[in-house]
Number of protein chains: 4
Amino acid sequence: MARNIEKDKQMRWERKQHILECALHAIAKKGVSSVEIKDIARESKISVGSVYTYFKSKDDILKEVARKGQEEYRVFTKNIAENSDMNSLDKLREICTIWLDLKSNWAYTILLQSVRSNETIHGELRDTVTRRFTRNLEPISAIIREGQENGTIKSGVPLEVAFYFVSLIQGLTLQRVPGYEIPVNIDVEGIIQLFAQKTH
Amino acid sequence: MARNIEKDKQMRWERKQHILECALHAIAKKGVSSVEIKDIARESKISVGSVYTYFKSKDDILKEVARKGQEEYRVFTKNIAENSDMNSLDKLREICTIWLDLKSNWAYTILLQSVRSNETIHGELRDTVTRRFTRNLEPISAIIREGQENGTIKSGVPLEVAFYFVSLIQGLTLQRVPGYEIPVNIDVEGIIQLFAQKTH
Amino acid sequence: MARNIEKDKQMRWERKQHILECALHAIAKKGVSSVEIKDIARESKISVGSVYTYFKSKDDILKEVARKGQEEYRVFTKNIAENSDMNSLDKLREICTIWLDLKSNWAYTILLQSVRSNETIHGELRDTVTRRFTRNLEPISAIIREGQENGTIKSGVPLEVAFYFVSLIQGLTLQRVPGYEIPVNIDVEGIIQLFAQKTH
Amino acid sequence: MARNIEKDKQMRWERKQHILECALHAIAKKGVSSVEIKDIARESKISVGSVYTYFKSKDDILKEVARKGQEEYRVFTKNIAENSDMNSLDKLREICTIWLDLKSNWAYTILLQSVRSNETIHGELRDTVTRRFTRNLEPISAIIREGQENGTIKSGVPLEVAFYFVSLIQGLTLQRVPGYEIPVNIDVEGIIQLFAQKTH
DNA sequence: GATGAATGAGAATTCATTCAT
DNA sequence: GATGAATGAATTCTCATTCAT
């Protein structure tokens, strides 16, 4: 009996995660504000009613997708930042490459943008997303500082430089709308060189 | 008589422009897909019905706002690019400063963003916006090329570097949600230095 | 122009009243909690969407119907209470007769009951309805006091007796469900005699 | 074996009764039409699915709650009516006191009210409830007749007077919404005096 | 032309009932 | 039998567009 309760909780959690992932895909396809519960249900291969078994409302889902995305991003950048086997530029390179490679990042970036820029969305959520974004600059900021100390990254307030780096990547990501990509090549090395300190 | 017809046409054109500006503000406040015709009417201080006297549909308005914004942007960057009184870095500086200063740019950037990423919006519009965005990279690209030739800007495919420059500025712009700004300072000089060629 | 604005306001007010009356009929037919916006729209001979032009929500309509009903009841009893051409028992007789005759009173009584007994309804509304009910006892209470003073009505705390009188009438009203009436005759004179002071 | 079957039947009956009582509480809290199977399950401390093990449908539960309540009421009034140790007025007094004291009566009265006035409820049930209500007037009617014969109760058609008595008590009961009571004292003696025949 | 009420198609949400475990 | 997740029909509410004044 106790085992079943545990198992049920586990199952419920897993299904929630599944729906969140499917919601992200649905958002990637239709855009945050056009996505319908129907789309999320279809993508998750469950009924519309069932979505409401796991989430209170559509807003609730969007909130959770944003949270999940930001948390995963934090783990992703933190792991790279703390990896002592890589030098600073390689860390930025890695972040840039993986970030621009992941298809889901587009949807996730769009989502965060929408959440933040949509006045109809409850202030608390916008606040939270903003706060998390700011906190998520820290690992990048640490990499920048480290690079500046060993002379491989350009000088400048680390947090500000991190902000530019992230904005640049997000700006590029937003241009990569599936089906409507800007037809200009993106070269990770070129991007990294913007932040690299030339040595002679 | 002919004069009156001319005058009427002129009036009509002016009112359309007024509505477009107000629509941009309304969009900036509520997001492209949440904005209602009622919002645009209220912002323009006219009635809902009158909006339809000047525009065929909501989609029509979005299309026009996007077109107007992108055209003004093209004129803005082109003028700076062709100004022979400024050096290349100063041109970038000027674009960066003015762009980040203008409040309406935030709304306009959001709008383009939303138009391109919103699947419910007619493909033709998304196509047009994308094409114009690409073409609008040209003046910036020209500045980059010029700067590379006189050794003040870093090397790299000019169009790609221009793409990074614009993406960076747009990425930063999107973070500046009125009331929910990321609390990190933006220093134009720091941004320009990313693209500047160090001389010894 | 000023005339039109006035006229518009007047029209709007009249249509609201019309919808409220139709809503009361719809409620009378289907019961408070089963009544749908569709029913109210049909009864008012307007579209569902139009109902929302005049009222914010279904709850808003119920609230207004309750308010309107209680206000009309207050005017009704006050007018009778203050009529110096009738003696006290005639006043009670009149109230009783008219109240039990009016078909809409059934719906209205049901509505007030539902509002008060339904826990899902916002406390503020329940509070207001309760307060108004209490205040509306006053005219009846005045009649009772007057009758006691001239020896035609039984003794007892006037407000309490008024409460019994109103509860009795409301209790009877509630039994008169259209189509499911309790097959027992209601004799106004018999009811009045319960409250009358026998003289010898 | 046979004994087990008996025991099972007994258990099943007891659980049904338990659910019915809990359903009454749930209905009292949320109103007949707002009450959800979930509420009844929660109140009964069993699962939603289990409710359906004992009852065919929500309607079935409502029907049973109403039947149970009306039957208990019949037994209650019949016992008092037939009690030869009490005089007629004492009998009314007893009914009045106990009825107004019992908290569950409020819920039960609301329930009957709602069942009868709710058009979405099956006509057969509404019919049955109405018929039982009428039949349940008989014991009260008998008390009235008895009182009239010994000169302690006012004259009038006994069934009609009984109808007024019950309506008055039910009317008062309905005003006593937990937490939203009408702030007027209820004095059983005052009520009884309305029906008492003054002797000189 | 200007206005804002009217419309109805479409989206979010609820909940009685069923069903797999 | 017990459980609670799954279902989808039904309901409330929204909003672009039309239309009468």
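Order of the sequence lines sets the chain letters (A, B, ...), proteins ahead of strands, with each chain counted from 1. All values derive from a computational prediction rather than experimental measurement.
With hydrogens and angles disregarded, no donor-acceptor distance shorter than 3.5 Å links the side chain of B/Arg116 to the backbone of B/Arg126. Proximity of a side-chain donor or acceptor of D/Ser57 to a complementary backbone N or O of D/Asp60 within less than 3.5 Å is detected. Side chain of D/Lys68 to main chain of D/Glu21: no donor-acceptor pair is present (N/O by atom type, distance under 3.5 Å, no hydrogens or angles). Formation of a donor-acceptor pair under 3.5 Å by the D/Gln70 side chain with backbone atoms of D/Val129 is found in this model.
Using a 4.0 Å cut-off between charged side-chain N and carboxylate O, D/Lys16 and D/Glu64 make no salt bridge. Remark: D/Asp39 engages D/Lys30 in a salt bridge, criterion side-chain N to carboxylate O under 4.0 Å.
Rounded to an integer number of Å, the gap from CD1 of B/Ile61 to C1' of F/dC15 is 14 Å. Rounded to an integer number of Å, the gap from C/Ile37 CD1 to F/dT12 P is 6 Å. Between C/Tyr54 atom OH and F/dC13 atom P there is a gap of 18 Å when expressed in whole angstrom units. Taking atom CZ of residue C/Phe55 and atom C1' of nucleotide E/dA5, one finds them 14 Å apart after rounding to whole Å.
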Can you tabulate the close N/O pairs, meaning under 3.5 Å, that link protein atoms to atoms of nucleotides 18-21 of chain F?
none

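Between B/Arg15 and the phosphate of E/dG1, there is no side-chain N or O to OP1/OP2 separation shorter than 4.0 Å. Distances shorter than 4.0 Å separate some side-chain N or O of B/Arg12 from OP1 or OP2 on E/dG1. In this structure, D/Lys38 does not reach the E/dA16 phosphate: none of its side-chain N or O atoms is under 4.0 Å from OP1 or OP2. Side-chain N/O atoms of C/Ser50 include one lying less than 4.0 angstrom from OP1 or OP2 on E/dT7.
Out of E/dC15, F/dT3, E/dA12, the shortest distance to the side chain of D/Ile46 is found at F/dT3. Here E/dT7 is the nucleotide among E/dA16, E/dT3, E/dT7 with the atom lying nearest to any side-chain atom of C/Thr53.
The nearest heavy atom of DNA chain F to B/Lys58 and to C/Glu36 marks one nucleotide each, and the one closer to the 5' end goes with C/Glu36. Heavy-atom distances to DNA chain F give each of A/Lys45 and B/Ser57 a nearest nucleotide, and the one nearer the 5′ end belongs to A/Lys45. Nearer the 5' end of DNA chain E, as judged by each residue's closest nucleotide, is the contact made by C/Ser47, out of C/Ser47 and A/Asp59.
The one candidate from D/Lys7, D/Glu14, D/Glu6 that meets the side chain to side chain donor-acceptor pair (under 3.5 Å) condition with D/Gln10 is D/Glu14.
In this structure, B/Val35 reaches the sugar-phosphate backbone alone: every heavy-atom distance under 4.0 Å involves primed, P, OP1 or OP2 atoms, never a base.
Applying the Watson-Crick and G-U wobble criteria (two distances, each under 3.5 Å), E/dA20 pairs with F/dT3.
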